[in-house]
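The structure appears below as structure tokens.
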Amino acid sequence: PLATTDLPDLPSLVSCVRHGYYKSLGHGPISDPELLSWYKDQRLLQNGDSLYSDALNLIGDTPRQRRDFLSRFLEGAKPGPTHRAIANLAAGGFITTIFTTNFDCLIEQAIRENPKCRAPKVAAHEDEARDVLMNDESPKLLKLHGDYLFSDIKNTARETARLKKNMKDKLRHFLAEAGLVVIGYSGSDGSVMRLLELMARDGRYFPYGIYWAHIADRKPSPRVQSFVAEVEGRLLPVEGADSYLEQVVNRLEGNPHAS
């Protein structure tokens with residue numbers, strides 16, 4: 001399986017939240033440097049690892065409110081190089097199952113647009129997860145925190161602290177039979193990391209190992225480093241998900257010009 005996340009244009013999303021929240025308090029126009037200084041004084045949106053979750057907490061108290069806000073970033077979005085590379089890997093049979101903490105539709109859109117791919121089996125809810133079968137030859141996409149089209153998506157730290165039973169069961173089932181490549185996931189949500197750590201201590205999982213990609217000039221969190229060491233996995237420093245997956249696709253497809 002491949003685990004991936006690719007947040008929707010995070011810098012612009014957070015910037016929009018910063019300006020919108022500041023304005024909602026009745027303040028007038030302000031320059032970007034002054035705005036950043038104000039947030040620093042208020043001790044808001046200062047933790048890089050939880051920046052996305054903290055920003056969405058300022059939008060509203062319910063998933064529906066946050067979904068309505070997120071729709072402006074997600075509706076009409078097109079798959080990027082990372083999504084298309086995942087689709088190419090699925091088309092070649094190199095990956096069959098994708099677990100994602102994303103709640104957009106870009107991975108499945110890229111798979112559907114790839115003429116060499118079968119239609120994907122997508123599970124964003126408990127009932128759908130139960131029906132995903134490991135031996136199904138179609139690409140399988142399990143959205144661990146739901147889909148933005150529905151009001152029960154999970155995207156704050158509190159909401160992503162737990163996975164529902166069927167999602168946990170499927171993650172366990174697949175990882176008892178396969179290896180895992182992690183792309184673009186920081187390990188900052190409690191639910192997925194807690195389950196992975198429990199499986200690491202069990203000894204029955206990850207028979208083909210774990211490969212955890214991270215940005216080359218940014219060390220993974222101590223928690224991720226500890227987990228990867230416990231399962232005797234490998235940390236993979238990469239320049240970015242796009243370039244790394246492009247190299248993987250080229251090598252697996254036998255492209256002689258692959259870097």
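In what follows, residues are counted from 1 in the order of the sequence shown. All heavy atoms count here, side chains included; hydrogens, waters and symmetry mates do not.
M167 has its side chain out of reach of F99: every pair of non-hydrogen atoms, C-beta onward, lies at least 4.5 Å apart. In this structure, L180 and L175 have side chains that are in contact, with non-hydrogen atoms separated by less than 4.5 Å. Using a 4.5 Å heavy-atom cutoff, the side chains of V224 and V182 are not in contact. With contacts defined as side-chain heavy-atom distances shorter than 4.5 Å, the pair L36/R18 qualifies. Side-chain contact between K78 and H83 is absent, with no heavy atoms from C-beta onward closer than 4.5 Å. You'll find the side chain of T96 reaches within 4.5 Å of the side chain of K140, heavy atoms only. Residues L142 and V122 form no side-chain contact, since every pair of their non-hydrogen atoms from C-beta on lies 4.5 Å or further apart. Counting heavy atoms from C-beta outward, L171 and L195 have side chains that approach closer than 4.5 Å.
Under the 4.5 Å side-chain contact rule for hydrophobic residues, I215 and Y244 do not share a cluster. A chain of hydrophobic side-chain contacts below 4.5 Å, direct or via other Ile, Leu, Val, Met, Phe, Trp or Tyr residues, connects I95 to L236. By the rule that hydrophobic residues join a cluster once side-chain heavy atoms approach within less than 4.5 Å of another member, V228 and L198 end up as members of separate clusters.
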Check step by step if side chain to side chain contact (heavy atoms under 4.5 Å, CB included) holds for V192 and Y185.
-> CA-CA 10 Å; V192 177; Y185 171 60; 3.3 Å; yes
For E108 and C105, what are the C-alpha separation, side-chain angles and deciding distance, and is it a side chain to side chain contact (heavy atoms under 4.5 Å, CB included)?
-> CA-CA 6 Å; E108 59 261 47; C105 301; 3.6 Å; yes
List the steps and the verdict of side chain to side chain contact (heavy atoms under 4.5 Å, CB included) for I107 and T82.
-> CA-CA 9 Å; I107 295 177; T82 296; over 6 Å; no
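R204 pairs by the side-chain hydrogen bond (donor to acceptor under 3.5 Å, both in side chains) definition with D202, not counting sequence neighbours. For V231, the side-chain contact (heavy atoms from CB on, under 4.5 Å) partners two or more places apart in sequence, or in a different chain, are A200, F206, I210, F227.
The structure places NE2 of H173 at 12.5 Å from CG of N166, a figure rounded to the nearest 0.5 Å. Atoms CD1 and CZ, from I111 and R84 in turn, are 13.5 Å apart once rounded to the nearest 0.5 Å. Between M199 atom CE and R194 atom CZ the span is 12.5 Å, to the nearest 0.5 Å.
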In residues 24-34, what donor-acceptor pairs under 3.5 Å come from side-chain atoms, sequence neighbours left out?
from	atom 1	to	atom 2	distance (Å)
S24	OG	Y21	O	2.6
S31	OG	E34	N	3.3
S31	OG	E34	OE1	3.0
D32	OD1	H19	NE2	2.9
E34	OE1	S31	N	3.2

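For the pair A241 and I183, the tightest heavy-atom approach, listed with the atom from each and the gap, is CB-CG2, 3.7 Å. What you find for A119 and S138 is that their closest heavy atoms are O-CB, 3.4 Å. The two residues Y39 and L45 make their nearest non-hydrogen contact at CE2-CD1, 3.8 Å. In plain terms, the two heavy atoms of S221 and S186 that are nearest each other are OG-O, 4.2 Å. Contact detail for A85 and V249: the closest heavy-atom pair is O-CG2, 3.7 Å.
For residues 112-123, every residue pair satisfying the side chain to side chain donor-acceptor pair (under 3.5 Å) rule, not counting sequence neighbours, is listed here: N88-N114, Q109-E113, R118-E137, K121-D136. Applying the side chain to side chain donor-acceptor pair (under 3.5 Å) test to pairs two or more places apart or on separate chains, none has a residue in residues 205-214. Sorted by first and then second residue, the salt bridge (charged side-chain N to carboxylate O under 4.0 Å, His left out) pairs involving residues 229-241 (not counting sequence neighbours) form an empty list.
Between the side chain of S243 and the backbone N or O of G240, at least one donor-acceptor pair lies under 3.5 Å. Under a 3.5 Å cut-off, the side chain of Q46 and the backbone N or O of L44 do form a donor-acceptor pair.
Between R172 and E177, none of the side-chain N atoms (NZ, or NE/NH1/NH2) sits under 4.0 Å from a carboxylate O, so this pair counts as no salt bridge.
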